[in-house]
2 protein chains.
Amino acid sequence: MYVCSIMRPTNLYKGSLNTIILKLLSTHDKMYGYEITQKVKAITKGELHITEGALYPSLHKLEAEGLLEVEFVKVNNRTRKYYRLTEQGTKETMRKLEALENYIKTMRALVSPKFRLE
Amino acid sequence: MYVCSIMRPTNLYKGSLNTIILKLLSTHDKMYGYEITQKVKAITKGELHITEGALYPSLHKLEAEGLLEVEFVKVNNRTRKYYRLTEQGTKETMRKLEALENYIKTMRALVSPKFRLE
DNA sequence: TGTTATGCATAATAAACTTATGTATGTTTG
DNA sequence: CAAACATACATAAGTTTATTATGCATAACA
């Protein structure tokens with residue numbers, strides 16, 4: 001997957017890419033694909049490497065679902081495809097972040113018995 | 001996936017099933033498949049529902065990889081297939097738990113900027 | 001005696017990735 | 001100044017990991 005850990009690859013935790021994309025766009029107004037890969041690399045100190053083969057299809061899907069909208073901008077003779085959240089995308093972002101928090105709580109309950117669900 | 005949340009399904013966070021299985025076996029000596037599904041349901045207050053279609057193939061794979069070993073026990077005229085960690089399985093469990101902690105830290109850094117990686 | 005619970009298993013399908021490849025331009029460096 | 005690296009998009013083939021559906025079999029319960 002798109003985790004490039006120092007540890008040998010784990011194949012763990014698929015499914016969080018959309019959450020990452022949406023969250024980044026909720027705090028950055030608009031971003032283009034390559035920018036997202038670099039941002040994630042920077043924030044995670046190289047821990048996560050978003051592959052293009054995962055990223056671009058995901059962006060296309062999120063756009064097709066109406067969560068993102070597109071704007072083309074020509075910079076230095078190269079075209080950037082900027083994405084920004086739609087209103088629906090903003091709502092979905094909140095849902096996905098709640099789901100992530102919930103997942104983390106659940107996993108904590110499973111792996112560290114001192115964290116118990118109420 | 002095997003998450004049965006109150007929220008509408010998210011398709012998020014595949015890949016943690018093996019971690020859950022191994023962790024449970026690291027604190028329970030030996031368990032059989034059905035027992036694992038019930039244990040997870042109890043600990044997570046019904047939040048996670050491990051489907052049999054996911055569980056049994058995973059157990060078989062972990063066994064084939066040498067992480068689990070099998071013992072058949074007849075109880076009330078029904079046969080239970082008990083699994084326990086091998087030595088290699090114990091090591092792998094530690095690795096997977098570290099990877100999970102690491103993943104959670106990384107995701108926190110991405111979604112809650114106040115958590116920053118060093 | 002039919003429904004629910006216990007207990008295992010596999011096949012078909014789908015989702016979400018990895019890996020590999022392709023196209024094209026700009027920048028840096030030996 | 002040519003090769004390597006960075007920027008920027010995209011898709012196709014294959015893998016992993018799940019869901020959904022189905023099957024078999026026994027026990028308990030109402």
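Chain letters run A, B, ... following the sequence lines, proteins first and then strands; every chain starts at 1.
Side-chain N or O atoms of K23(A) include one that pairs as donor or acceptor with a backbone N or O of V111(B) at under 3.5 Å. In terms of modelled atom types and a separation under 3.5 Å, the side chain of E101(A) and the main chain of E98(A) share no donor-acceptor contact. Under the 3.5 Å distance criterion, the side-chain polar atoms of T90(A) are matched with a main-chain donor or acceptor of T86(A).
Between K74(B) atom NZ and dT26(D) atom C1' the separation is 10 Å, expressed in whole Å. For L55(B) and dG7(C), the CG to C1' distance is 11 Å, given to the nearest whole Å. Between I20(B) atom CD1 and dT17(D) atom C1' there is a gap of 13 Å when expressed in whole angstrom units. One can place CD of E65(B) at 8 Å from P of dT17(D), the figure rounded to the nearest angstrom. Between the CD1 atom of I21(A) and the P atom of dA16(C) there is a distance of 11 Å, given to the nearest Å. In this structure, N18(A) atom CG and dA16(C) atom C1' are separated by 9 Å, rounded to whole Å. In this structure, CD of Q38(B) is placed 9 Å from P of dG7(C), rounded to the nearest angstrom. Rounded to whole angstrom, the span from the CG atom of L62(A) across to the P atom of dA16(C) amounts to 10 Å.
For R80(B), a side-chain nitrogen or oxygen approaches OP1 or OP2 of dG7(C) to under 4.0 Å. OP1 or OP2 of dA27(D) sits under 4.0 Å from a side-chain N or O of N77(B). For dC8(C), neither phosphate oxygen OP1 nor OP2 lies less than 4.0 angstrom from any side-chain nitrogen or oxygen of H60(B). For the pair Y56(A) and dA10(D), the criterion of a side-chain N or O lying under 4.0 Å from OP1 or OP2 is not met. Dashed line: the shortest gap from a side-chain N or O of Y32(B) to OP1 or OP2 of dC8(C) is not under 4.0 Å.
Residues V75(A) and P57(A) each lie close to DNA chain D; by heavy-atom proximity, the contact nearer the 5' end of the strand is made by V75(A).
V70(B) and I21(B) fall within a single hydrophobic cluster, where Ile, Leu, Val, Met, Phe, Trp and Tyr are joined by side-chain heavy atoms under 4.5 Å apart, directly or via other members.
Residue contacts shown for K61(A) are limited to sugar-phosphate atoms, with no base heavy atom under 4.0 Å away. When heavy atoms are screened at a 4.0 angstrom cut-off, G53(B) is found touching base atoms of the nucleic acid. Residue E52(A) is in base contact, counting any heavy-atom pair closer than 4.0 Å across all strands shown.
Checking dC17(C), dT25(C), dT11(D) against the side-chain heavy atoms of R78(A) singles out dT25(C) as nearest. Distance from the side chain of Y83(A) is smallest to dA10(D) among dA10(D), dA14(C), dT11(D). The K14(B) side chain lies nearest to dT17(D) when the options are dC9(D), dA9(C), dT17(D). Checking dG7(C), dA14(C), dT20(D) against the side-chain heavy atoms of T51(B) singles out dT20(D) as nearest.
Remark: T44(B) OG1 to K39(B) NZ distance equals 12.0 Å, nearest 0.5 Å.
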Open item on the list: Evaluate S16(B) against Y103(A) for side-chain hydrogen bond (donor to acceptor under 3.5 Å, both in side chains), listing each step before the verdict.
Closed with: CA-CA 10 Å; S16(B) 35; Y103(A) 166 78; 3.2 Å; yes

